[in-house]
Number of protein chains: 2
Amino acid sequence: MTSRSMPGTDLAATIVKATAERAAEFERLTGTKPCLATVIVGDDPASVTYVKMKRNRCAKAGITSRHVPLPEETTTEQLVAAVRELSEDPSVHGILLQHPVPAHIDERAAFEAIAPGKDVDGVTMHSFAAMSFGEPGFASCTPGGIMRLLEDYGVEPSGKHAVVIGRSPILGKPAAMLLLAKDATVTVCHSRTRDLPSIVRTADIVVAAVGKPEFVKGDWIKPGAVVIDAGYNEGNVGDVAYAEALPHASLITPVPGGVGPTTIALLLEQTVTAAFAAS
Amino acid sequence: MTSRSMPGTDLAATIVKATAERAAEFERLTGTKPCLATVIVGDDPASVTYVKMKRNRCAKAGITSRHVPLPEETTTEQLVAAVRELSEDPSVHGILLQHPVPAHIDERAAFEAIAPGKDVDGVTMHSFAAMSFGEPGFASCTPGGIMRLLEDYGVEPSGKHAVVIGRSPILGKPAAMLLLAKDATVTVCHSRTRDLPSIVRTADIVVAAVGKPEFVKGDWIKPGAVVIDAGYNEGNVGDVAYAEALPHASLITPVPGGVGPTTIALLLEQTVTAAFAAS
């Protein structure tokens, strides 16, 4: 068996290039660029950096972004009102509400203020159900990026056992649903799971989405498994002990340069799709 | 180890009794009974029987039902319009669209015409996402009934491995999500799953929702597992080979008299809850 690193950079570049062409086409047809509204509450440094990076990528792809920074003390009502305004604004095509929001805010209420047609980050209940039922809608960007990555590397989920570690509404759960839609047998594990290593050892595809550095150990990986590390922790470390896992896996995403670039590429792609759908 | 049958009849009777009391209270407060609209398209004998039974149970619990039978040749547009009218009618508190609908109809479109506040059968995308995310909303009645049954028999899903066989939008998927919400480690299996018996053998809780008579064999059941048979096939046969499985299981639902009665009880309970919420 040969082990291979599974970077997402080339795939992301391909998606971004095609997206930039579609954005230019949109501008040619309508006289305006696709527009992504980015909403951030407070000034958490990591969130500020993420949003800045996303806006830079938008600009490079010919997508305008409208930045809406709100103070830390913003209430749920104020945030919902701000998001709703963007939902109703025809010059905005997609809305990204950077999470996490401060703890005093009802994040779900804020997400639900995003119109389904502008939910290019795939965070609403509607988008989740659409992913789950194979109905039209936007994918959560990281799970959507993971599925594209699997496809790009010729990994066919059908009949495989996929183990998703993590059950967040924007990562673990939608990843599980998208893998299920591709006919994988899917197990969702989490903090209450007993004997996680032995469950992971049965996986043909592992998706690590826990947010704990090097949480998944090398000897948990079945020989030949495909390992998708959706974690990103301080110090450029993923949720999988990469060096340990590499010799066991047939394919394994590096951190950084694995899932991350495809996540942003999906965000841009879906923004342009939303713009065309609205026009 | 002792094996026990796990009927749902007592639990259902308890739920129906409490529901009838709440329905009477609703009538006392508002001067009208809670009202469930039942919509059926065509005259499939099994569906006709189901709807008749549900309406009879409603009547016994002090819930009015408004029956809307539509001809086999009803179009998606006509069905959506009929359901939407019920969604907008303040005298209707809950809506049940009996499925399956004829193949020429877009069932999802029809389900989505049910207002979330009247989705007492838990079939809309909103209800599914609400179950998945622990947000307020109605449960799909069979999965909701299964969770109540587990609770009633003192089965604590947390940390257990639950294997759900079947992935339909109103049974397998919501059952998986509700078990996950109760901290079970959940595996969803289906027709493409490889070596299903060996996966089921790892389950502490098995939910069979395949719609194939006696599909799950006795020797697939781990000693002491809890077996929930959500199937109902011709000739009063479930999805599990009951007699074979009984000696292996610690608890196993019979068919009939297991999951079925709790499903209808949940429908009545949620109808009265919807009536109170709307008043």
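Throughout, protein chains are lettered first and strands after them, A, B, ... in sequence-line order, and every chain is numbered starting at 1.
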Counting only heavy atoms not in B:Lys212, do more than 12 fall under 6.0 Å of its NZ?
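No, NZ of B:Lys212 has 12 or fewer neighbouring heavy atoms, counting only those of other groups under 6.0 Å.
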
Around atom CD of B:Glu85, are there more than 12 heavy atoms of other residues, nucleotides or ligands at under 6.0 Å?
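Atom CD in B:Glu85 is not crowded, with 12 or fewer foreign heavy atoms closer than 6.0 Å.
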
If you check every heavy atom in residues 189-202 of chain B against those of chain A, which residues fall under 4.5 Å?
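Result: B:Cys189, B:His190, B:Arg192, B:Thr193, B:Arg194, B:Ile199.
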
Inter-chain contacts: residues 172-182 of chain B against chain A, heavy atoms under 4.5 Å
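Hits under 4.5 Å: B:Lys173, B:Met177, B:Leu180.
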
Which atoms of A:Ala184 are under 4.5 Å from chain B, going by heavy atoms: the side chain, the backbone, both sets, or neither?
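For A:Ala184, the backbone is the part near chain B, not the side chain.
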
Chi angles and distances behind the side-chain contact (heavy atoms from CB on, under 4.5 Å) call for A:Thr185, B:Arg167
CA-CA 10 Å; A:Thr185 299; B:Arg167 55 172 164 171; over 6 Å; no

Mind checking whether A:Phe128 and B:Phe128 have parallel, tilted or perpendicular rings, split at 30° and 60°?
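Parallel, since the angle between the ring planes stays under 30°.
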
With respect to chain A, which residue among B:Arg108, B:His161, B:His126 yields the maximal number of heavy-atom pairs within a distance under 4.5 Å?
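When all of B:Arg108, B:His161, B:His126 are compared, B:Arg108 has the most.
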
